[in-house]
Amino acid sequence: MKKTAVVTAGTAGIGLETALGLAVAGFAVTVIGRDAERGAEAVERINATDPVHPSRFLSADLASLDQVRALARTIADDHAASGEPLTVLVNNVGAMFAERQTRDGVEASFVVNHLSPYLLTELLLPTLAAGAPSRIVNVTSGAVALAKRVFDAVEPPGGYYGFHWYGRAKLANLAYTLDLADRLDGTGVSVFAADPGGAATDMTNGTMTDPKIVSPALRLLWPLVRRTFERSTSGPASVAARPSIAAATDESLTGRTGIVIGAQAHPVAPHRAAADPRVAEAVRRLSERHAPLAPA
């Protein structure tokens, strides 16, 4: 049976390398991105590897929840019309902002890093269930370790520091991932998180070099943090994509769920806060409030 995969933010960096890896593994890959020119270049690069199935590009701004809903409808309708299963969904999209921004009135980091993949996943669950056994892979980050664990509202108390808010949104998504795995256990839809570790990408070479993205206390250590950061993010995106590819394809994970695949492409323990049922419940309420499955 034909295997299919959707990779969000799949036109460059870790997302493109993930798409390339899945194409080599025999998947028909759909890459999602905002820029049609970059999408065409990504498809050309993937198809140049002579995959079993050609790839395609779908345009969507994943910072817009309305566009996420439209994208989910397109994917679901395409699979219903073709009768082909949706085998893998890789939520690779992520973004960090040096200054506070909003999308549709909601803080942008929380939208892009959590609400967008949450909404796309929830809307595609019937399609993924119809194609079971299938897998959901949500890309996480070591930044969850510096995140505030308060989820009473989209925006935590205190000043805006992009790295910490990014980590908090990733923590929300990791808690959702583990909670979703419990919810879907026994359905044939497995749920994994993948931590790419560090890689030289547009985000790490841009926003993450600005000391204003961390709290003032951490800025005092910026020379040391910067040197450590530069060492840990110097690897290629192809290496950083391995955890996502493993989560999507590793046969040893068949029938398993709720596992975090670490930077070495092996299972690791999840961050403790993400496994806290109180965090998961707070994230669930917040997600349902700000990203309803149907627009109000």
Side-chain angles (χ1 to χ4, degrees), residues 8-9 60-69 71-72 91-123 125 136 138-183 191 193 195 203 207-208 210-219 258 260 270-296:
T8 66
D61 180 357
L62 297 173
S64 164
L65 297 183
D66 284 342
Q67 290 197 37
V68 171
R69 293 185 184 95
L71 173 66
N91 286 304
N92 171 75
V93 67
M96 186 186 303
F97 304 96
E99 305 290 341
R100 182 184 177 277
Q101 300 183 33
T102 61
R103 297 292 185 273
D104 298 325
V106 182
E107 191 274 317
S109 183
F110 202 78
V111 172
V112 176
N113 296 293
H114 173 59
L115 292 181
S116 172
Y118 157 82
L119 183 60
L120 183 62
T121 299
E122 291 291 327
L123 291 172
L125 283 182
I136 298 164
N138 289 333
V139 176
T140 187
S141 167
V144 300
L146 294 177
K148 290 186 176 181
R149 303 171 189 177
V150 180
F151 293 100
D152 298 326
V154 167
E155 304 195 30
Y160 181 88
Y161 306 110
F163 184 78
H164 301 279
W165 284 45
Y166 167 82
R168 180 176 174 272
K170 284 294 188 181
L171 175 58
N173 195 249
L174 181 55
Y176 164 68
T177 300
L178 300 178
D179 187 47
L180 182 65
D182 287 341
R183 201 172 103 205
V191 186
D195 183 355
M203 185 172 74
T207 307
M208 288 186 70
D210 185 343
K212 295 195 301 294
I213 67 170
V214 296
S215 64
L218 195 55
R219 272 178 231 167
V260 179
H271 191 271
R272 181 180 299 178
D276 186 333
R278 295 168 297 181
V279 172
E281 175 60 28
V283 169
R284 187 184 309 120
R285 290 195 302 267
L286 199 58
S287 305
E288 291 172 351
R289 185 185 319 148
H290 290 282
L293 301 191

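We use all heavy atoms of the structure for the numbers below, so side chains are in, but hydrogens, waters and symmetry mates are not. One-based numbering along the sequence shown.
- Annotation: side chain of Val112 is in contact with side chain of Val93 (closest heavy-atom distance under 4.5 Å).
- Each of Arg168, His271, Arg278 was compared with Arg149 under the side-chain contact (heavy atoms from CB on, under 4.5 Å) criterion, and only His271 meets it.
- Under the 4.5 Å side-chain criterion, counting only non-hydrogen atoms from C-beta, Phe97 is in contact with Tyr160.
- Panel note: side chain Gln101, backbone Ala108; no donor-acceptor pair is recorded below 3.5 Å.
- A distance of 8.5 Å separates CG in Leu115 from OH in Tyr118, rounded to the nearest 0.5 Å.
- With respect to the salt-bridge test (charged N to carboxylate O, under 4.0 angstrom), the residues Arg183 and Glu122 qualify.
- A salt bridge links Glu281 with Arg285: the closest approach of a Lys/Arg side-chain nitrogen to an acidic carboxylate oxygen falls below 4.0 angstrom.
- Counting heavy atoms from C-beta on, the side chains of Thr177 and Val260 never come closer than 4.5 Å.
- Considering only heavy atoms from C-beta on, Pro270 comes within 4.5 Å of Leu178 through its side chain.
- Remark: the backbone N or O of Ala63 is not paired with any side-chain donor or acceptor of Ser116 at under 3.5 angstrom.
- Contact of the Leu174 side chain with the Asn138 side chain is not registered, since no non-hydrogen atoms from C-beta on lie closer than 4.5 Å.
- Going from atom CG of Leu71 over to atom CG of Leu62 covers 6.5 Å, rounded to the nearest 0.5 Å.
- Between atom CG of residue Leu119 and atom NE2 of residue His290 there is a gap of 13.5 Å, rounded to the nearest 0.5 Å.
- Closest approach of Ala153 to Leu286, counting heavy atoms only: O-CD2, 3.5 Å.
- Note: Leu146 CG to Tyr161 OH = 14.0 Å, rounded to the nearest 0.5 Å.
- Ring geometry, Phe151 versus Phe110: the interplanar angle falls from 30° to 60°, so the pair is classed tilted.
- Distance CH2/Trp165 to NZ/Lys148: 8.0 Å, rounded to 0.5 Å.
- Proximity of a side-chain donor or acceptor of Asn113 to a complementary backbone N or O of Lys170 within less than 3.5 Å is not detected.
- Side chains of Val111 and Asp104 form no contact here, defined as non-hydrogen atoms less than 4.5 Å apart.
- Proximity of Val283 to Leu171: side-chain heavy atoms (C-beta onward) are nowhere separated by under 4.5 Å.
- The structure places CG of Leu293 at 8.0 Å from CZ of Arg69, a figure rounded to the nearest 0.5 Å.
- Under the 4.5 Å side-chain criterion, counting only non-hydrogen atoms from C-beta, Thr121 is not in contact with Val191.
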